Amino acid sequence: MSTRKSSPENRSAPQTEEVPPLRRRRRGGGPMILAGSVLVSAVLLMALVSLFWTPQDPTATHAVDRLAGPSADHWLGSDGLGRDIASMLLAGSRVPLLVGLGTVTVGFALGVPFGIIAAMTDRGAGMWLMRGNDILQAFPALLLAIILAAVFGPSTLTAIIALGLGLAPGVARVVRSGTLQVLSREFALAARAAGRGALYLAVRHVLPNIRGILIVQATVGFAIAILAEAALSFLGLGTPPPTASWGRMLQDGQSVLHVAPLTVLWPGLAVAVAVLGFNLLGDGLRDRFDPRMEVAR
Amino acid sequence: MSVGRAEPLLSVEGLSVRAGADRLVRNIDFSISRGERVGLIGESGSGKSLTCLSVIGLLGPGLHADGRVTLHGGPQPVDLLTAQEKQMATLRGDRISMVFQEPMTALNPLMKVGDQLTESLRIHQPRTTDRRLRMLELLSSVRIPEPARAATVYPHQMSGGQRQRVMLAMAMANEPDLLLADEPTTALDVTVQKQALNLMTEQVRRAGSSLLFVTHDLGVVSEVCDRVIIMRHGQIVESGPLDRVFTAPEHPYTRALMAASALETHPATRRLVTVDGPPPERPDPVETPVPPAGAGAGAVQHETLTEGGSSPVFNEVEDPALRVRDLTRTYGSPGLLGRGRTVRALRGVSFDVAAGQRFGIVGESGCGKSTLLRLLTALDDPSSGQVEVSGQVISRRREKQLRWLRETMQIVFQDPMGSLDPRMAVEDIITEPLRTASRTERSRRVDELLQQVGLPLSSAAKHPHEFSGGQRQRIAIARALVTKPEILIADEAVSALDVSVRAQVLNLLDDLVEEYRLTLVFVSHDLNVVRHSCDVVAVMKAGNIVECGPSADVLESPQHPYTKELVSAIPRLRDKVR
Amino acid sequence: DDASPADGTDSDGVVADDASVSIGMFAVPANLDFTTTGGAAIFEALLYNVYEGLVRVDSQGELQPLLAESWEISDDGLEYTFQLREGVTFHDGTEFDAEIVKFSLERLDEWSANTPEDLSAIDSVEVVDDHEVTVVLSEPDYDALFWLAGPLGTMFSPDSVDSLATEANGTGPFEFVTYENAVRMEFARHDEYWGEPAGTATVELVYYEDASAAANAIRTGGVDAILRSEAYDQLESLEAEDDVDVLVGSTQGVVVMSMNPDHEALAQPAVREALQHAIDRESVLAAATAGYGEILGGPTVPTDPYFVDFSTTYEHDPELAREKLDSAGVEDLSLTFTVPNRAYAEASAQVIQDNLNEVGIEVTLQTQEFPAVWVEENMVDQNFDLTLVNHVEPRNMANYAHADYYWGYDSPEAQNLFAEAASATDDDEYVATMQELTEQIVADTPGVWLYNAPNVVLSTEGISGLPENDLGVGIDLSDVTVAE
Amino acid sequence: MLLHVIRRLGVFVLTVMVASVVVFFLLGVLPGDPARAQLGLQASEEQVQALRQQLGADRPLPVRYLEWVTGFFSGDMGLSYASRTPVAPQVLDALQVSLLLVLGGICVAVLIALPLGILSAVRHHRPDGALFSGLSQLGISVPNFLAGLLLIAVFAVALGWLPSGGWSPPAAGVDFLRHLALPALALGLVNGAILARYTRAAVLEVMREDFMRTARAKGLTPGRTLIRHGLRNALVPVVTVTSIEFANLIIGAVVIETVFVIPGLGSTLIRAVANRDLIMIQSIVMCVVILVLVVNLLVDLVRPVIDPRLRSTR
Ligand SMILES: Nc1ncnc2c1ncn2[C@@H]1O[C@H](COP(=O)(O)OP(=O)(O)OP(=O)(O)O)[C@@H](O)[C@H]1O
Ligand SMILES: Nc1ncnc2c1ncn2[C@@H]1O[C@H](COP(=O)(O)OP(=O)(O)OP(=O)(O)O)[C@@H](O)[C@H]1O
Ligand SMILES: [Mg+2]
Ligand SMILES: [Mg+2]
Ligand code: NI
């Protein structure tokens, strides 16, 4: 007679073989991953190409033929300073990607260790750490960005730091719950019974097992960062001129929306494609790694 | 509209269930007469649930059923596979109902129990006015105490057994013609299970319903059913009246299943009979079955906890491998503002385990078995009392001071999947306890152990998900043995395994315990398993040991009332069939 | 847009007496007290509408009587005697008389913003009788009357000076009604006004941060008019709309790129000249204002009485610029360009960066928050190589008289000429001296004067009387009328 | 239960106190001089110094903290450096505007998200379900200010149906709604898309639950099963996400406020930063933080109402 048991306590960390949350069971999300990868690769490719080549110098102004429509010279037209939109669009992909990468790096560098530590310390201390995390989370990223921009001046770096700080508490929360789940599994107990310390546990067991959630968080963080960069640039708190960036282009273009709508639509489209790409990728990976959608709080 | 007993209520012809190209259930035929109680038996994954779900028309998305499933007895027969959703909805809960395996999750957590029950009534008897009365009646018919109060609580406020009763009441609300019960009691403790089964049989009898009872537990089926159907790999391998199948099984699988399920031993080798043919011979079989080492079974005292008396030291020996004194563990803190919730998981446990002894601990869920083991292995600290291993206190020590313990004592967990990190290669898993060994040393040990637990050497590079449950448990055992420990602790090491695999793993454990001369602490809620594997058994209840003594003795002539209850609750198919 | 229909004929010339008008504006007043809060936003809105002084600047830039009916200047230029208008009261009923003039002008000592030192020449104010007052200067200052026509000459009632930040009590055609911080300000016609009553019953000033948002508002009828619109790129399409009129006048603003003389290379006149020639002002103007406004070559604007057009003095000539750089022996010049984070400045700076790159000067743009950071960094700490800002104060050429001003123009000749102009006794002498001075400054090239920003006034049909030019004093809205 | 509420409130108060310290000292380091920013380009150093003294900006930080924090919680947030008028009414006005705007946005979002999310979950293996999911994916990808600009271009400028911006207090009735419509739509479209995804996930999750099968086995049709048993269970995560959205939007709506010229908290903050109006900045940041914490608190208190399992004292 074998009896499977389940009590409310271990419902949250199912131990039956039916829904092992950390095991890749059904490989879902295929089409989304594919579509997401294609879009993201396209954006990466743009950034890569722009490092070596753009049709024209993206910062060269030709005020005489400003706001020109598409032509052989300016494939996608020119903006209010007569810069080539196609070139700016290519070069402008670097900032959002950089901001995405930076944000995720900062957010993870802070959030992952914090989340793991909060999960591994005993319950009391962990609870206080999470309360601290709550306070941090009460500072929305945009608020941080506005304040940091005032303190250090608006720049890509301040945007990255602010957005990264904004991302970190959410990451910490997800990492903590993931870690708790890993730690509640018997293999974590087994590792302790094998005489292994906390660091080993964190590196060998926890990190590999929350990899899925982390990847999902990263792609989502990327998408959020790209949107936030655009919003910050729109407020004049993001990337300062003359560096090309999609957000900046949107900001420059909005004053001529009625006159030359293309100056806005191109960067708008670029942002949408990049965000869509990362979101699709994230959703697909989530379906694959973690069918339960983690509520980010 | 009475239907004769011979007349079928349900006839299943050529039922197959496919998921894409996979055929999960293959062309099965059977029928159920009115009032008949049929058991559907088979190991995990054999297609039992899918069969039931096909009948009630609730297969999940992606699954597709073919064949004919006909429900007779109405104005005209209905083919349940092709019936419209609307028609099925009128049948479900009215003429066919189903009780599911998981009482914990099968009820809507946000709805009061009474409302969920009333809903069943309302759907099919929209004009009835005194539904509340009927609902209370139903609750009391499944022996829920204080039905009026119970109707106003939420499912999480009920125990598993109570929830399962509510499920049963819900299913019986409209006195269905056919009740499908999909492993309705596997999630329950033996004692609760027994009550639930009795209740079900009684209800079905009273309403004159037919029953299709799914389980992988032969003992259970023998208490409930008249006829059994045995499935394997999506096919029916044997079916017939209970007596016939159990006394004279025709199909070899049935025979093996029965043997394994009863933990039958092979007369020659004293090894457990397994499903896959004769018990595997070890390369160098142990010549003479060594009686369990240690102080000899006869020296063990059979003691019980007396009512109100202070807890004695059970199984007291000199120079024990493991000495446990007045161990308590209370979970939860008093809370910031006073009244926090605390759980007294252990309430003063004292016992010894002699070197070389096989010490079993039984008790039902939540009685503190795992808590005790965590303290024995110093993975957690007691609230009071202490544990000594080979004379050294291990409780409340820093991890650094316990290095030696990590080598002398190892643990094997309940869930073979959960105790292996899915992201690690088997080699890394097995060598995890070897903190200092060199690479070559490690791979040498891995090879050695894989051989000992009967896995191919090529397993070393694989990951856990590439193994079956039994194989995984072998890996876990290999890991526990890699440091050549003196004491092995097994926490429900076989409860998650299928009956057939269980026997294999128990055999392996037996062999290794002898080979390594291990002191074994074996925890289980399954008395049969403990009887087979241990010389001494301690029975736990609510954080206390209530009885302890030589296992045969304790199980044959239990003294403590709780033990008696426990022993009598074990469904034994032999008793029934004889 | 909330004009209530009035009876009467509906022919075009008929003016709705009880009309109200809402006007979009940009610079947001932080409060109502321009004696202690800098920036033009406050007095622009209040002066000539709510507050008045002794004299005013008319739409052509000429000085006209206001609360003073007439005045006389002594021959030595040190005594200004004003005959005051009789029967003038403040909105709270306080009577306006010579004591008020004395009180208000002597209170300049307490001003902490809006350059009270422009009237530092005032030595004392003597009350001759109730309606005659003499302002005595310690040294001649030909500009004194002009400054008296601006915010510094505002007449305050002694009882209201404690609440200047939140209330405005003046003698003007409008009474102050309310100011919702950064959102809107409202005036209502003062019925007991001493002069011609205001053309509309109420005026609402609606504040915008963003030019396109305001342009959208006028397109959709959200406001009746917009002053100082910077939606230059939309002017063409706005003009094409039936019911929107576009007027382009001039402002006092001089957009100037300053070159820090403490920088080794920029200290050399040849290098500064090279920069002058390197920059394509046409392109700058096109980028910053879509070509509206005037290209400048000197520090004066067309509405200044002493304006001279220098726009062709330094032609765009990259070749020449390179030669001048060579002649100065400057190579690999790389400069930091600190730019206020304003659209016009960022656009101009990017064109200039491009222009300078063309002649081999490497320019790094560094955007700074304006005003908080930019002022501190550039004006106070003078920590810049190149910087650019629109100086909107009227007659801002006067800043070249101060050697410690951020652009560090320290020329004794120029300072002498400033003194000479101040002691002028008639317009001709004054203008001649100022023109000579302008020439001197242009020749010394302390900065690259780029353009005079346009004053774009948008109005919907039927609105008239909006001031076309921005003269750097109050925006007189009393003549605004709404046709029925 | 009551104990739980009291405890949660205690933690809340403590959190707010800690947050106030963080806010004050974090912002204490803001460079740029409020006095200078106020006096303008022409002011002399002495004038600036004098004003600084008058503003009290030259006293030690801890003294100012105590003064500020006691003032803040007694409703007197001090005088704005810039406007020399009390900060409290300005902040509260802006807060009210922001709350209404965000509430409007959330309403739109919920109206979009629930049907979209539920439909795309229920039909997740059918083409139209994929279409709905795709729609919400697209919705999230558009920056909300771009959505705002496009809405203005279409509904205000081209069609002339609604005002292009500005704000009207709720007392104005129809005019209030007209001014709220476009910004709320801009906020709601994008956030609705986000919410729709969570709703979809929550509904998908709930559809996998055992009790849904139980309900079907009772004889409920799939539609009624979803309505009677599914939605309330899906509500818990959706409410949580909605609250997070709400909190984020209080400041996150700043871009929309800019586009639509709405005097909310975000634009007030940006202006305060430009003026280096430190008291104002601190008060706004503190308000936002408190608001976020309050929303968290409310959700924590509301969730047990929806889900009885959370009611027992934990
Ligand atoms: N939705 C599904 N899609 C694909 N395969 C499935 C699905 N549901 C079940 N299966 C597979 O069908 C087989 C039979 O499953 P079923 O649930 O009927 O087994 P069972 O006999 O009830 O086992 P258990 O005793 O574990 O409940 C198993 O191999 C299982 O993995
Ligand atoms: N970490 C914990 N915090 C609070 N209570 C706990 C904790 N672990 C166990 N408990 C409680 O202590 C009691 C004993 O738990 P334990 O896990 O030891 O039981 P068990 O006998 O192993 O049961 P099972 O057969 O279900 O594994 C139970 O009531 C359980 O709910
Ligand atoms: Mg099953
Ligand atoms: Mg246990
Ligand atoms: Ni309006």
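Chain letters run A, B, ... following the sequence lines, proteins first, then strands; residues in each count from 1. The analysis underlying the following values was restricted to heavy atoms, covering all of them including side chains, and did not include hydrogens, waters or symmetry mates. Please read these numbers as outputs of a predicted model, since none were measured by experiment.
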Toward chain A, the part of B:Leu434 with a non-hydrogen atom under 4.5 Å: backbone
I'd like to know which of B:Met409, B:Arg406, B:Arg403, B:Met424 tops the heavy-atom pair count under 4.5 Å against chain A. B:Arg406
Could you tell me which non-hydrogen atom of B:Ser419 sits nearest to which non-hydrogen atom of A:Ala190, and how far apart they are? O-CB, 4.3 Å
Using 0.5 Å steps for rounding, measure from the CG atom of A:Leu201 to the CD atom of B:Glu432. 8.0 Å
Work out which heavy atom in B:Leu379 is nearest to a heavy atom in A:Arg192; give both atom names and the distance. O-NH2, 3.0 Å
If every non-hydrogen atom of B:Pro422 is compared with every non-hydrogen atom of A:Phe187, which pair is closest and at what distance? CD-CE2, 3.7 Å
What are the two closest non-hydrogen atoms of B:Thr431 and A:Arg196, and how far apart are they? O-NH2, 4.0 Å
Quick one: do B:Asp428 and A:Arg204 make a salt bridge, cutoff under 4.0 Å? yes
To the nearest 0.5 Å, atom CZ of B:Arg423 lies from atom CG of A:Leu207 at 11.5 Å
Which heavy atom in B:Asp421 sits nearest to a heavy atom in A:His205, and how many Å separate them? OD2-ND1, 2.5 Å
Got a sec, which residues hit salt bridge (Lys or Arg N to Asp or Glu O under 4.0 Å) with B:Asp380, two or more places apart in sequence or on another chain? B:Arg329
